[in-house]
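Worksheet: one structure, shown below.
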Amino acid sequence: MKFAEIYLNQTNKRIDHPYDYKIPERFESVIVPGVRVGVTFGNGNRQLEGFVVRVKEETAYPDKIKELEAVIDESPILTKEQIALCLWMKSTYCSLFYEGLYHFTSPVKVVKRLVISEEDPHENRIAFEPYESTEKIYRLERKETVRGSVQKQILELLETRDFTRREICELLGEVGSSLRALEKKGLVSAYERDTSCAVTGGKVRPEEIVLSESGNCLYRQLSEKRRKGTPSFIFEENSETRLMLYCKAVEECLSRGETALMLFPEIGLSLEMRALLYRYFGNAVAVCHGKLSQKERYQIFKRVSCGEIKVLVGSRAALFMPFRKLGLIIVDEERDPSYYSAAMPRYNTITIAQKYADLSDADLIISDEIPSVAAVKKTETGEWTGIHNAPCFVRKKPVPAIVDMQSEMKSGNFDFMSYRLRECLEKTLAEKKTALLLINKRGYASYVFCRSCGYVEKCPTCGVALKYHAGGDVLKCHYCGYTKKRSTTCPECGEKKIKALGLGIDQVYELLKERYPDRHVLKLDGETIASYDDFKRVNHELSEKHWDIILGTRMLLRNFGFQNIGLAAALLIDGDLNHGDYSSSENAYQLYKRFFNRMTENTPCLIQTYEPDNITNEALISENPTDFYRQEFEYRRLMGYPPEKHLVLFSLFHADEAQVANDSHAFFHALKKVCETGAAVEIYEPFLSGVIRGNGQIRWKILLKTKDLNAFKHIIEEVTAAGEIERLASKVSIEIDPPATL
DNA sequence: CTAACAGCAACC
DNA sequence: GTTGCTGTTAGG
């Protein structure tokens with residue numbers, strides 16, 4: 001007699017635990033962990049979908065047991081590592097089992113409600129329906145010199161392997177007519193294949209991966225130092241060097257007969273990069289990102305599952321594909337915000353990647369141009385292995401100059417441009433070079449400071465800058481909820497000069513056009529560059545046309561082909577220095593450091609600020625990058641922020657205001673009681689955090705700090721075992737070290 | 001004595 | 001979520 005332990009596809013956390021069902025003999029051969037089944041549940045015998053996590057010989061509920069009614073999948077749709085990850089996610093993020101499972105199964109067709117036949121038991125077996133369609137695939141027949149440059153490109157591409165029409169167009173643009181011409185000439189031929197499981201095959205002639213001297217140096221170090229079970233962090237600024245290094249590591253992984261996963265931020269997957277990967281890995285590589293259609297994701301899912309795809313490259317969506325023999329995970333640009341999930345559960349890709357690597361016994365390589373504070377800390381404590389390049393390969397970078405806007409005002413200049421900036425800008429214009437101006441002003445809440453002495457009001461308990469809410473004209477701490485009325489008098493110098501600061505990009509753009517009417521001023525922000533096509537178009541324009549001034553938000557950090565830069569200036573850094581969360585210094589440092597690092601050593605660089613002594617400004621003009629990290633470690637240690645202590649954020653949701661308030665307080669006391677019994681965990685009073693857009697739910701938050709996540713995990717286990725979470729009507733979620741607690 | 005109804009635990 | 005059990009109570 002065999003029994004299956006299953007989780008139900010439903011949204012009630014009170015029944016979100018495994019239930020045992022008897023496996024009918026006719027199903028015994030197919031019921032294994034990872035298949036979905038149909039069950040009847042409760043007194044009403046409601047028909048529900050379930051997911052098998054375990055098969056066993058005995059059950060603790062022999063008198064209550066029911067039989068499985070139907071089988072949805074002929075074979076498991078998840079690997080055992082993925083199932084383990086699902087369970088781990090549920091316990092870590094306090095999410096529903098199916099919320100976590102959804103990430104892994106979204107490419108698979110979901111059966112909403114099963115039709116269960118009473119007469120014919122065999123009808124109960126519902127096959128897993130693949131998508132059926134065919135696609136045209138192009139193959140190179142022979143190579144000849146052709147006149148058209150597009151045709152030439154197509155031939156070059158097809159030399160590496162066969163491609164679908166869609167792939168060719170994605171890489172080269174709308175080239176349908178050129179393809180047709182080549183087909184007519186007989187240089188290429190087309191054939192049809194089933195897309196559901198089809199792969200673009202053909203002759204594969206992967207190119208040899210040749211590392212630069214610098215890349216070789218890194219690769220040697222990586223081979224020497226990396227250890228199983230310990231992630232490696234690579235300190236390397238040059239994205240091409242990093243990419244080549246990844247390719248080499250992947251090549252080595254494939255040679256061991258294992259598969260590899262390369263993760264990049266959402267916007268980091270350039271077409272040039274894809275083309276390069278096709279050249280190196282031929283048909284073993286595929287690209288997966290959030291914008292793929294359901295059908296395309298399904299294809300990738302199947303092809304990864306059967307081992308046809310050996311290298312998957314993509315954004316965080318790629319992490320949830322069913323790899324076999326996964327040997328290597330690479331995460332590039334570790335700090336990118338697109339690695340943090342917006343949907344429940346709110347996971348960090350790095351955390352999941354690390355867990356996945358552990359479960360699969362795979363290597364993990366992480367890197368970023370400018371490492372995060374947490375990453376540097378981990379390489380220092382040995383939690384991660386740090387890989388540094390030899391000093392001779394590290395490029396010299398420009399050192400920006402600080403312009404004090406306060407003394408500028410004292411000398412009578414109230415303009416957004418300092419005398420120095422004007423001077424530099426005019427010199428740049430006279431030399432017919434381009435000036436890059438960065439202003440990172442976001443549209444919502446800004447911060448408040450004293451125009452006279454630069455004083456910024458901070459939260460008395462949390463030490464982060466209070467954020468200005470124009471609605472109630474109040475200052476609010478986004479951690480603990482501390483709120484105070486905005487006063488216009490400065491507590492530091494007594495002058496009535498406390499003002500909200502807001503210099504937005506649109507405002508600056510108007511001013512610049514007014515001031516330099518016959519100059520070409522280009523604005524680059526989220527509005528002007530909304531899509532990848534916009535990016536390509538603007539990038540093309542940049543090579544064709546001379547721009548005198550390019551004004552942009554952080555958009556400037558995307559890989560635009562800027563040329564002939566005569567000046568790089570941050571118009572006002574202060575909004576980023578005081579952004580209202582503990583990592584605002586780090587974010588500011590990252591943003592501006594990246595901006596200036598892209599300049600050549602001799603490009604004039606300026607930072608305009610009202611706080612010239614701010615430690616982040618000092619770190620930006622320091623030639624020694626470790627200065628910044630030392631300061632941040634100290635600040636985080638004093639205030640108890642990551643990486644010193646972990647932040648754990650509970651959120652409680654419910655449509656009823658009073659219900660969620662009551663639940664929050666009840667839960668807070670339950671948590672507090674457990675926290676007091678031992679482990680070093682600090683817990684803060686619950687606070688209201690607003691209305692969730694869309695479903696109108698009210699959200700309360702409870703913040704907790706701990707040095708030891710394992711100790712915290714025990715607390716959660718204890719609280720869960722006591723039924724404290726199930727008891728609540730409100731939905732509960734856990735976020736660990738969220739990037740910003742806004 | 002019974003229909004009606006709210007509160008609540010169980011669902012394997 | 002849905003169901004059925006339990007205790008309470010108004011109506012007869």
Side-chain angles (χ1 to χ4, degrees), chain A residues 1-28 30-73 76 78 83-84 86-87 90-91 94-102 105 110-116 118 121 124-126 344-345 652-656 658-663 666-667 670 692 694-698 717 719-733:
Chain A
M1 195 100 89
K2 283 194 168 179
F3 301 95
E5 232 173 68
I6 67 144
Y7 276 92
L8 300 166
N9 183 6
Q10 50 80 43
T11 53
N12 186 343
K13 68 173 180 302
R14 294 186 50 109
I15 49 175
D16 198 43
H17 56 82
Y19 285 93
D20 290 352
Y21 280 84
K22 185 182 168 318
I23 303 173
E25 252 170 60
R26 65 182 189 282
F27 291 165
E28 261 187 25
V30 280
I31 300 294
V32 286
V35 302
R36 293 172 298 171
V37 290
V39 298
T40 58
F41 183 71
N43 284 315
N45 282 331
R46 205 149 47 105
Q47 294 173 359
L48 286 175
E49 178 193 305
F51 185 89
V52 178
V53 289
R54 210 155 82 89
V55 172
K56 52 191 186 180
E57 305 284 332
E58 270 168 28
T59 175
Y61 312 90
D63 42 341
K64 295 179 180 176
I65 212 83
K66 284 186 194 171
E67 278 198 355
L68 293 179
E69 296 285 335
V71 185
I72 299 175
D73 304 305
L78 256 55
I83 298 169
C86 272
L87 292 166
K90 173 175 162 56
S91 66
C94 208
S95 54
L96 297 172
F97 182 82
Y98 259 77
E99 281 176 331
L101 185 72
Y102 177 77
T105 56
V110 179
V111 178
K112 281 277 182 250
R113 190 164 264 261
L114 301 168
V115 185
I116 297 171
E118 306 243 326
N124 287 347
R125 189 162 154 175
I126 298 161
M344 295 289 181
L652 282 86
F653 306 89
H654 202 279
D656 181 6
Q659 180 72 61
V660 64
N662 281 341
D663 281 353
F667 187 52
I692 306 301
N695 59 9
Q697 295 218 316
I698 313 291
E717 274 164 20
V719 172
T720 310
E724 296 294 346
I725 296 176
E726 273 196 13
R727 190 193 322 280
L728 305 172
S730 308
K731 182 174 165 45
V732 182
S733 85

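Every chain is numbered from 1 and lettered A, B, ... according to where its sequence line falls, protein lines coming before strand lines.
A donor-acceptor contact shorter than 3.5 Å is absent between the side chain of A:Glu726 and the backbone of A:Gly723.
Look at CD on A:Gln10: it is 13 Å from P on B:dC12, rounded to the nearest Å. Remark: P of C:dG1 and NZ of A:Lys731 are 13 Å apart, rounded to the nearest angstrom. Across the protein-nucleic acid pair, A:Lys64 atom NZ and B:dC11 atom C1' stand 8 Å apart, rounded to whole Å. Rounded to whole Å, atom P of B:dC11 lies 14 Å from atom CZ of A:Arg46. A:Arg14 has its CZ atom 11 Å from the P atom of B:dC8, to the nearest Å. When rounded to the nearest whole Å, the span between CG of A:Asp16 and C1' of B:dC12 equals 14 Å. With rounding to whole Å, A:Ile15 atom CD1 is found 11 Å from B:dC12 atom C1'. In this structure, CG of A:Asn9 is placed 13 Å from C1' of C:dG1, rounded to the nearest angstrom.
When heavy atoms are screened at a 4.0 angstrom cut-off, A:Ile65 is found touching the sugar-phosphate backbone but no base atom. Using a 4.0 Å heavy-atom distance criterion, A:Phe41 is classed as a base contact.
Remark: the A:Tyr21 side chain and the A:Glu69 side chain contain no N/O donor-acceptor pair separated by less than 3.5 Å.
Surrounding NZ of A:Lys2 are at most 12 heavy atoms belonging to other residues, nucleotides or ligands under 6.0 Å away.
Look at A:Lys22 and you won't find any side-chain N or O under 4.0 angstrom from OP1 or OP2 of B:dC12.
Counting distance only, with no hydrogens placed and no angle test, the side-chain atoms of A:Asn43 and the base atoms of C:dG4 include no donor-acceptor pair under 3.5 Å.
Aromatic pair A:Tyr7/A:Tyr19: centroids not less than 6.0 angstrom apart.
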